Student: 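Sending over a structure as structure tokens; questions will come in a sec.
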Amino acid sequence: MGGLVWFAKKRTGLDCLRKERGKTMKFHSFLIKYGEIGIKGKNRYLFEDALVRQMRYALKDVDGEFNVHKAQGRVYVDAEGEYDYEETVESLKRVFGIVGICPVVRLEDQGFEQLKKDVEAYVAEVYPDKNKTFKVEARRERKSYPLNSMEINCELGGVILDAFPEMKVDVHHPDIRLNVEIRKEIYLYSEIIPGAGGMPVGTNGKAMLLLSGGIDSPVAGYMIAKRGVGLEATYFHAPPYTSERAKEKVVDLAKLVAKYSGPIKLHVVNFTDIQLYIYEKCPHEELTIIMRRYMMKIAEHFAKQNNCLGLITGESIGQVASQTMQSLAATNDVCTLPVYRPVIGFDKQEIVDVALKIDTYETSILPFEDCCTIFVAKHPVTKPNLERIIKSEQKLEEKIDELYQQAIDTTEVIMCR
Ligand code: ATP
Ligand code: MG
């Protein structure tokens with residue numbers, strides 16, 4: 001791991017810190033804070049292992065070499081040498097399960113006098129505005145250290161007060177909690193960058209997202225993945241009515257969502273023949289609902305085949321004719337798996353806000369045709385009657401099973417990561 005070289009670099013590390021003020025800080029590690037809820041007892045291992053796995057995945061394309069590891073009930077990222085700080089933090093901020101990311105300065109133990117100097121330099125650098133209250137919180141992993149935690153707190157507190165008279169101690173609600181951990185090396189940290197929250201993907205099974213090229217479905221996938229659920233996706237396209245470019249846009253969206261959820265296996269279903277057949281046989285005002293029902297059935301087929309425990313859509317009550325309560329009931333009727341609709345109560349603007357936050361919005365609004373908009377009726381039913389819909393579907397009896405099987409057999413699988 002080139003420890004000595006690294007320490008040699010570190011010795012000048014705080015000098016670098018000072019020189020590079022306002023630029024990338026010389027933090028050598030990150031302490032990861034994660035929520036405690038739901039990870040008691042035997043679940044804790046599963047939670048931590050999934051967290052470590054997702055962190056490694058998130059860091060795999062970041063410039064630098066990282067060691068992600070568990071130690072004493074905590075999770076750390078150690079940077080092995082030079083790395084891109086901004087990119088590292090951005091990547092960790094996308095890992096569900098992390099509530100806080102603390103950048104750590106790692107110091108070689110060169111005695112307490114040197115530690116005093118380093119702590120002073122740390123505060124000088126990290127807090128240009130000294131008008132703050134603080135508290136030193138020492139922890140000794142290494143009990144043989146000559147001072148105990150209380151003594152370290154008092155001594156280092158004194159050093160900071162002497163060096164920066166504007167700063168004051170507040171042991172209850174300090175602006176700055178300066179953590180000093182005495183391990184083999186000494187860890188200094190005080191900043192907490194907020195994480196994505198949620199639970200590590202993989203701790204709550206897997207679900208099948210119906211992913212269109214719109215704004216809503218990527219957001220829906222993100223929201224379910226946030227609760228620890230891995231994703232697969234199904235996209236229905238209708239060549240030549242929908243273009244290759246429309247499909248690429250969906251692949252791009254899946255890749256953007258995969259930055260949070262981990263790799264997504266995308267099933268691309270050729271839906272043209274089913275759509276044309278419905279168009280030919282069924283009342284046009286019922287087209288969308290009947291199409292939706294077939295989409296759900298096919299997505300559910302791939303869901304079950306791939307051990308998914310539910311379906312996910314970007315539906316929101318009343319958004320369009322196919323999303324009234326009656327329409328949702330008619331669509332839902334064909335599903336045997338639970339259907340999760342995380343944006344069901346969101347207004348469009350609220351969905352857009354999430355899309356902007358997760359960076360899918362710009363891709364979603366690219367103007368490519370969708371298979372549903374092409375076959376849409378002028379006056380779709382807004383209150384479909386389920387019995388009537390089922391009756392209309394009987395007109396499809398002759399060929400639908402064959403077309404359904406053909407759609408499944410010709411489905412293309414694309415790994416999106
Ligand atoms: P989005 O809802 O993603 O913005 P949209 O508004 O074009 O796209 P709707 O017509 O609102 O889509 O469809 C509601 C939901 O049905 C979508 O959120 C998505 O889950 C699913 N869906 C619609 N079209 C497709 C498609 N072509 N492929 C896969 N799923 C689809
Ligand atoms: Mg929509």
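Remember, it's a predicted structure, so these values are computed and weren't measured experimentally. First listed ligand is number 1; within each ligand, the first listed atom is number 1.
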Student: Do you know which of Y277, F236, Y241 makes ring pair (Phe, Tyr, Trp, His ring centres under 6.0 Å) with F271?
Tutor: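 Among Y277, F236, Y241, the one meeting ring pair (Phe, Tyr, Trp, His ring centres under 6.0 Å) with F271 is F236.
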
Student: Which ligand 1 atoms are under 4.0 Å away from a heavy-atom of Q319?
Tutor: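 Going through ligand 1 atom by atom, the ones under 4.0 Å from Q319 are 6 (O), 11 (O).
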
Student: Output yes when the distance from some N or O of ligand 1 to some N or O of T313 is under 3.5 Å, and no in every other case.
Tutor: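 No, there is no polar N/O contact under 3.5 Å.
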
Student: With Y222, which residues qualify under ring pair (Phe, Tyr, Trp, His ring centres under 6.0 Å), at least two apart?
Tutor: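 If we apply the ring pair (Phe, Tyr, Trp, His ring centres under 6.0 Å) test to Y222, skipping adjacent residues, the hits are F96, Y260.
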
Student: Using a 3.5 Å cut-off on N or O atoms only, is Y235 in polar contact with ligand 1?
Tutor: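 No.
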
Student: Taking the six-membered ring for Trp, are Y76 and Y187 closer than 6.0 Å centroid to centroid?
Tutor: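 That pair passes the under 6.0 Å test.
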
Student: Take atom NZ of K391 as the centre, draw a 6.0 Å sphere, and report whether it contains more than 12 heavy atoms from other residues, nucleotides or ligands.
Tutor: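 No - once you tally the heavy atoms of other residues, nucleotides and ligands closer than 6.0 Å, there are 12 at most.
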
Student: Using a strict cut-off of 4.0 Å, indicate which atoms of ligand 1 neighbour a heavy atom of T234.
Tutor: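 In order of number, 29 (C).
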
Student: Please state which option from M295, H267, R292 has its nearest heavy atom closest to atom 23 (C) of ligand 1.
Tutor: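 The residue whose heavy atom sits nearest atom 23 (C) of ligand 1 is R292.
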
Student: H237 near ligand 1, heavy-atom distance under 4.0 Å?
Tutor: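 No heavy atom of H237 comes that close to ligand 1.
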
Student: Under 3.5 Å between some N or O of ligand 1 and some N or O of S322?
Tutor: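 By distance alone, the answer is no.
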
Student: Against heavy atoms of I215, which atoms of ligand 1 measure under 4.0 Å?
Tutor: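 Counting atoms of ligand 1 from 1, those under 4.0 Å from I215 are 1 (P), 3 (O), 4 (O).
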
Student: Taking both backbone and side-chain atoms of I312, is any N or O found less than 3.5 Å from an N or O belonging to ligand 1?
Tutor: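 Not met; the criterion fails.
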
Student: Nearest non-hydrogen contact with atom 20 (O) of ligand 1 belongs to which option: L210, L311, L328?
Tutor: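 Closest candidate by heavy-atom distance is L210.
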
Student: Is the OH atom of Y404 crowded by more than 12 outside heavy atoms at less than 6.0 Å?
Tutor: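 It does: Y404 OH has more than 12 such atoms within range.
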
Student: When the side chains of residues 53-66 are checked against the rest of the protein, which donor-acceptor pairs come out under 3.5 Å, sequence neighbours left out?
Tutor:
from	atom 1	to	atom 2	distance (Å)
R56	NH2	V68	O	2.7

Student: Does NZ or CZ of K130 fall inside the cone over F164's six-membered ring, less than 6.0 Å from its centre and within 45° of the axis?
Tutor: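 Satisfied, under 6.0 Å and within 45°.
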
